[in-house]
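Each ligand, and each atom within it, is numbered from 1 in the order the structure gives. The first residue in the sequence is number 1, and the count goes up from there. This structure is a prediction, so every number in the text was calculated from the model and none was measured.
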Amino acid sequence: MDRKIKKVLVANRGEIAVRIIRGCADAGIKSVGIYSECDRTAYHARLADEVYYVGPSPSIESYLVQDKIIEIAKKSKADAIHPGYGFLAENAEFAKLCETSGIIFIGPKSETIALLGDKLEARKMAIKANLPLVPGAEFDNSNISEVESIAEKIGYPVLIKAAAGGGGKGMRVVEDKEKLSESIKSAIREATSAFGDGRVYLEKYVIKPRHVEIQILADMYGSAIYLGERECSIQRRHQKVIEESPCPIMTPELLKKMGEAAVNIVKESKYVGAGTVEFLVDKDLNFYFLEVNTRLQVEHPVTEMVTGIDIVREQFRIAEGKKLSFKQDDVRQNGHAIECRIYAENPEQGFMPSTGTIEQYREPSGPGVRVDAGVVAGSQIPIYYDPMIAKMVVWGANRTEAIERTLRALNEYRISGLSTTIGFASAVMSNKNFRKGDYATDFVEKEFPEKRFSCHIDDIKQKAAISAAVFEYLGRQKVTVNSPGKKAGNGSTKNGWSQYYRSRSINRMGGSR
Ligand code: MV4
């Protein structure tokens with residue numbers, strides 16, 4: 001079964017393509033990049049050993065064109081395709097196409113992707129594997145009185161979910177019987193138009209849950225292990241903002257139970273590769289299965305930093321038909337890691353995507369800091385794709401150290417030319433309840449209820465850093481930095497330079513959005 005992978009086509013862009021290309025280099029594997037029209041000069045395309053044009057900028061004409069990607073894989077003689085996340089990563093049809101084309105798809109088998117992608121099938125699988133589930137049920141879409149009696153039995157509030165959904169898409173909370181049939185009808189309509197599949201089901205709505213997920217690895221020979229958990233409750237509108245590991249409320253007993261549950265569903269579904277099992281955890285530390293993500297996740301580096309295991313490397317090994325090289329007892333969680341997702345968005349304008357060119361770009365570094373970015377100075381941020389441009393992942397010996405170090409690193413980060421969420425991440429790190437570890441999925445709406453977020457720069461260190469940056473930019477002329485004052489310091493999301501410039505009414509840089 002052993003098949004050495006010599007060359008991998010990376011069917012993605014941005015930071016995850018960069019991550020996988022680096023993983024290839026570390027494993028002695030050649031990488032093939034693909035790029036769309038607007039990604040001609042993108043960093044991932046510069047970094048790959050070999051690159052091919054895949055099509056016009058819109059994803060449906062480039063990163064989603066299955067036949068074209070297979071054709072490039074064949075032309076470049078790639079043994080395998082790594083899909084990253086998003087795009088074709090959880091597309092069972094594409095995995096199948098790889099299989100029938102004799103190309104290794106780095107991920108589970110297409111049947112597994114199809115099965116777990118159907119949330120009702122995944123639920124059945126979880127029941128078979130004895131996982132705890134939120135009380136809920138599938139029902140006949142056409143029979144409203146049946147639905148009403150099921151909802152009554154579950155107890156209000158109930159949550160309508162789409163079988164083809166996931167990640168929060170197509171969900172509806174229903175508070176009482178009166179709104180049930182109308183909500184179901186609109187949920188079916190929405191699911192039909194979004195997924196071409198109108199099947200929905202009901203679950204008891206868990207109030208203020210935490211979102212905790214377990215990273216797993218499984219080989220082709222039925223062995224599976226868990227690599228600890230990630231706490232992912234800090235999100236806004238189902239978009240994760242901060243992730244950390246360990247979960248602040250985790251206990252060794254709970255981790256063992258959740259980890260073993262995750263391994264059970266993985267084994268039951270004959271899963272192969274790296275994957276994530278999502279759970280809700282309530283305030284009494286009860287946990288409930290949600291879904292299985294059959295891909296490498298955005299937040300995987302949090303686990304890598306705490307366990308020391310290179311998940312992408314393990315994906316290659318598993319895909320080559322190797323057995324897992326370590327046992328559950330070999331996995332240790334060391335210290336604490338926090339990931340801040342850096343989005344090209346403007347928090348002051350309701351987190352609207354902020355497109356344009358990155359003018360200055362300087363990453364933080366130093367002890368415990370890892371930045372996975374898809375950009376460099378001069379990069380264009382196109383409108384066509386996800387606005388996440390980088391992830392800053394910070395390790396500390398304990399949670400407090402990780403938080404303090406995250407703040408230090410965020411203060412060091414300089415991006416100008418467009419708006420980012422760096423200032424927002426700092427505000428989360430400074431939040432009292434975040435620091436206590438006392439938060440759930442309602443954190444952002446509760447602690448930052450305004451649609452627009454603006455953060456005030458009054459930190460002396462930040463000022464010093466800004467002056468250094470100005471100094472650098474003005475070609476080493478001597479610059480006197482005045483105190484920005486209360487009113488002026490509102491542009492923190494522009495991070496550093498532009499803030500300063502705005503407060504001094506110099507718009508050479510700040511004006512370039
Ligand atoms: C839930 C829930 C409460 N009760 N299910 C959202 C993403 C999808 N994977 C499942 N989600 C939820 N399912 C029950 N029965 C609350 C959420 C939820 C949520 C979950 C994880 C992270 C953020 C969230 C934000 C709002 C709601």
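Close contacts of ligand 1 with Glu203, meaning ligand atoms under 4.0 Å from a residue heavy atom, involve 5 (N), 14 (C), 15 (N). Near Val134, the atoms of ligand 1 lying under 4.0 angstrom from a non-hydrogen atom of the residue are 15 (N). Residue contact check: Glu278 has heavy atoms under 4.0 Å from atoms 9 (N) of ligand 1. Using a 4.0 Å cut-off to heavy atoms of Tyr205, the atoms of ligand 1 that qualify are 3 (C), 4 (N).
For the pair Arg236 and Phe351, the cation-pi criterion (under 6.0 Å, within 45° of the ring axis) is fulfilled.
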Only distances under 3.5 Å count here; give the side-chain donor-acceptor pairs of residues 285-294 to other protein atoms, sequence neighbours excluded, each with its distance to 0.1 Å.
{"from": "Asn286", "atom 1": "ND2", "to": "Asp282", "atom 2": "OD1", "distance (Å)": "3.4"}
{"from": "Asn286", "atom 1": "ND2", "to": "Asp282", "atom 2": "OD2", "distance (Å)": "3.1"}
{"from": "Tyr288", "atom 1": "OH", "to": "Asp282", "atom 2": "OD2", "distance (Å)": "3.2"}
{"from": "Asn293", "atom 1": "ND2", "to": "Glu278", "atom 2": "OE2", "distance (Å)": "2.7"}
{"from": "Asn293", "atom 1": "ND2", "to": "Gln297", "atom 2": "OE1", "distance (Å)": "2.6"}

Could you walk me through whether Ser419 and Glu345 satisfy the side chain to side chain contact (heavy atoms under 4.5 Å, CB included) test, starting with their C-alpha distance in whole Å, then the side-chain angles of each, then the deciding distance to 0.1 Å, before giving a yes or no? CA-CA 6 Å; Ser419 300; Glu345 289 176 349; over 6 Å; no
Does the side chain to side chain contact (heavy atoms under 4.5 Å, CB included) test come out yes or no for Phe279 and Ile214, once each step is laid out? CA-CA 8 Å; Phe279 296 96; Ile214 303 285; 3.7 Å; yes
Would you sort out whether Tyr385 and Tyr63 count as a ring pair (Phe, Tyr, Trp, His ring centres under 6.0 Å), showing the intermediate values? CA-CA 10 Å; Tyr385 316 110; Tyr63 299 105; 5.6 Å; yes
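Atom 1 (C) of ligand 1 has Leu159 CD2, 3.4 Å as its closest protein atom, hydrogens excluded (heavy atom only). The protein non-hydrogen atom at the shortest distance from atom 26 (C) of ligand 1 is His238 CE1, 3.5 Å. Summary of contacts: the protein heavy atom closest to atom 16 (C) of ligand 1 is Pro209 CG, 4.1 Å. The nearest heavy-atom contact from the protein to atom 5 (N) of ligand 1 is Lys161 NZ, 3.0 Å. Looking only at heavy atoms of the protein, atom 4 (N) of ligand 1 is closest to Val206 N, 2.9 Å. What sits closest to atom 10 (C) of ligand 1 on the protein, heavy atoms only, is Leu290 CD1, 3.8 Å. The protein atom (non-hydrogen) at minimum distance from atom 22 (C) of ligand 1 is His211 ND1, 3.1 Å. Among all non-hydrogen protein atoms, the one lying nearest atom 8 (C) of ligand 1 is Gly168 N, 3.6 Å.
For a threshold of 3.5 Å applied to N or O pairs, the pair formed by Glu291 and ligand 1 contains at least one separation below that value. The N/O atoms of Leu280, backbone and side chain alike, include none that comes under 3.5 Å of an N/O atom in ligand 1.
Side chains of Phe94 and Phe87 form no contact here, defined as non-hydrogen atoms less than 4.5 Å apart.
Remark: distances from the non-hydrogen atoms of Met171 to ligand 1 include one below 4.0 Å.
Aromatic rings of Phe424 and Tyr343 (six-membered ring for Trp) have centroids beyond the 6.0 Å cut-off, not under it. For Tyr156 and Tyr205, the ring centers sit 6.0 Å or farther from each other.
Applying the side-chain hydrogen bond (donor to acceptor under 3.5 Å, both in side chains) test between Thr303 and each of Gln215, Arg230, Glu213 identifies Arg230 as the sole match.
For atom 15 (N) of ligand 1, the candidate residues are Lys204, Gln235, Arg237, Lys208; the nearest heavy-atom contact is made by Lys204.
Scanning both residues, Ser245 and Gln333, for their nearest heavy atoms gives OG-NE2, 4.0 Å.
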